[in-house]
Q: 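This structure is in structure tokens; I'll ask about it shortly.
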Amino acid sequence: MAPPRSFLWSRRIFLTLLTGFVLVPVYVMLSSSLKPLADVTGTFRWLPTELTIRPYIDIWSTVPLGRYFVNSLIVAGAATVCSVVVAVFAAYAVSRYSFRGKRVFTVTVLSTQMFPGILFLLPLFLIYVNIGNATGIALFGSRGGLILTYLTFSLPFSIWMLIGYFDSVPRDLDEAALVDGCGPLGALFRVVVPAAVPGIVAVAVYAFMTAWGEVLFASVMTNDTTRTLAVGLQGYSTLNDVYWNQIMAASLVVSVPVVAGFLLLQRYLVAGLTAGAVK
């Protein structure tokens, strides 16, 4: 039975408004990044009177954006790899084996998502400083310390989601692999992991996006040499001026890896989230 025409028109109007709500800020960013600074700070015009690509050239010299870009790639990439590896082993153990404290472990992992991240800022800061003073291992102000910090956020959700996804993989596959001569690790990597690729991709995308755009901990746990992109964008604002056109250009450049990765892995992400949410 076809839906009524009023419903179709209401849906079209709603989707049109929603599309405009999403695309208008993107257009403002794009047009502002192609304007001279005087035009951006003056009266806003929807159609630029003068177009220039100079802001996209100046963003690399105004602040060391290249170094910030490398730092973000290293931190986000390492946090993603570590989160996926640890989450796969932990989720597989919880999904396939029974052990004392299993329920407590699962509830504890999930309950950590109840607390805001700012509660962990001061404790982690003190822990890193004390470890550095006692052992000489520089966690504060280093990329390694920032990677460990991001693992505390991405790991609980990653483990919880992969537990649900591994539960949806039939145990008969594990038993068949064991009969064929595989050990537990062989069954995991040869049977379970290939069947759980959408869930693993969803976990990887979540961990990468969490580390890529985080500001609070990156602003406290880094210094001038380890600063990431999310914090480095503040360098375009000085005491004398704010380079709005360069901020818009840098914001678009920073968004490219995340948007490109999301578009390439979108079908895996949707499948992983839906499968991992239902047991």
Side-chain angles (χ1 to χ4, degrees), residues 1-35 39-51 55-56 76 80 83 110-118 153-154 156-169 195-216 229-230 233 242 244-279:
M1 188 174 178
R5 293 178 59 88
S6 59
F7 173 77
L8 294 177
W9 278 105
S10 299
R11 184 176 63 179
R12 292 169 183 170
I13 293 174
F14 175 77
L15 292 177
T16 301
L17 293 176
L18 182 61
T19 302
F21 180 78
V22 173
L23 293 182
V24 167
V26 177
Y27 172 77
V28 172
M29 290 179 60
L30 180 60
S31 62
S32 299
S33 67
L34 296 173
K35 295 178 181 179
D39 290 352
V40 178
T41 55
T43 303
F44 177 76
R45 294 183 176 87
W46 289 99
L47 297 177
T49 56
E50 180 182 354
L51 295 178
Y56 288 91
T80 300
S83 180
L110 187 58
S111 63
T112 57
Q113 302 298 299
M114 299 170 53
F115 304 99
I118 194 172
F153 302 133
S154 59
F157 178 79
S158 301
I159 293 173
W160 175 76
M161 190 168 70
L162 281 183
I163 289 173
Y165 201 94
F166 285 167
D167 285 344
S168 66
V169 178
V197 167
I200 295 174
V201 171
V203 166
V205 172
Y206 168 78
F208 185 85
M209 294 180 64
T210 300
W212 185 262
E214 201 278 328
V215 176
L216 177 62
L229 280 171
L233 293 179
V242 179
W244 291 109
N245 54 349
Q246 295 187 37
I247 292 178
M248 297 297 104
S251 299
L252 291 173
V253 171
V254 168
S255 303
V256 167
V258 176
V259 174
F262 179 81
L263 293 177
L264 291 174
L265 303 174
Q266 182 180 11
R267 62 191 183 96
Y268 295 106
L269 179 63
V270 174
L273 289 175
T274 54
V278 181
K279 292 186 178 180

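Predicted model only: the values in this text are computed from it and were never measured.
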Q: Quick one: do Ile200 and Leu162 satisfy side-chain contact (heavy atoms from CB on, under 4.5 Å)? Show the steps, please.
A: CA-CA 7 Å; Ile200 295 174; Leu162 281 183; 4.2 Å; yes
Q: Testing the basics here: between Pro25 and Gly20, what is the closest heavy-atom pair and its distance to 0.1 Å?
A: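 For Pro25 versus Gly20, the nearest heavy atoms are CD-O, 4.3 Å.
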Q: What orientation do Phe157 and Trp160 show, parallel under 30°, tilted 30 to 60°, or perpendicular over 60°?
A: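 Aromatic pair Phe157/Trp160 classed tilted.
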Q: Once you round to the nearest 0.5 Å, how far does OG of Ser31 lie from CG of Asn245?
A: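 CG of Asn245 is found 11.0 Å from OG of Ser31.
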Q: Of the non-hydrogen atoms in Arg45 and Lys35, which two are nearest, and what is the gap between them?
A: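 Heavy-atom minimum between the residues: O-NZ, 3.0 Å.
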Q: Enter the distance from Leu34:CG to Asp39:CG here, rounded to the nearest 0.5 Å.
A: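 One gets 11.5 Å once the value is rounded to the nearest 0.5 Å.
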Q: Please report the closest heavy-atom contact between Ser32 and Met248, naming both atoms and the distance.
A: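 Smallest interatomic distance, heavy atoms only, reads CB-CG, 3.7 Å.
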Q: For Ala204 versus Thr80, what's the shortest heavy-atom pair and its separation?
A: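 Reported closest heavy-atom pair: O-CG2, 3.4 Å.
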Q: List the steps and the verdict of side-chain contact (heavy atoms from CB on, under 4.5 Å) for Leu252 and Val256.
A: CA-CA 7 Å; Leu252 291 173; Val256 167; 5.9 Å; no
Q: To the nearest 0.5 angstrom, please state how far the CG atom of Leu30 sits from the OG atom of Ser251.
A: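 It is 12.0 Å, given to the nearest 0.5 Å.
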Q: Judged by atom type as modelled, is there a donor-acceptor pair below 3.5 Å linking the side chain of Trp212 to the main-chain atoms of Val254?
A: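 At least one qualifying donor-acceptor pair exists.
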Q: Any idea how Tyr27 and Trp46 line up, ring-wise: parallel (<30°), tilted (30 to 60°), or perpendicular (>60°)?
A: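 The arrangement is parallel - the two ring planes meet at less than 30°.
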Q: Answer with yes or no whether the side chains of Tyr56 and Ser33 bring together a donor and an acceptor at under 3.5 Å.
A: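 Present: a donor and an acceptor within the cut-off.
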Q: Work out which heavy atom in Thr16 is nearest to a heavy atom in Arg12; give both atom names and the distance.
A: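 Shortest heavy-atom contact: OG1-O, 2.7 Å.
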Q: What do you reckon, is CD1 of Ile118 surrounded by more than 12 foreign heavy atoms closer than 6.0 Å?
A: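 No.
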Q: Which pair of heavy atoms, one from Val203 and one from Met161, lies closest together, and at what distance?
A: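 Shortest heavy-atom contact: CG2-CE, 3.2 Å.
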Q: Decide yes or no for Tyr165 and Pro198: does some side-chain heavy atom of the first lie under 4.5 Å from some side-chain heavy atom of the second?
A: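 Yes, their side chains come closer than 4.5 Å.
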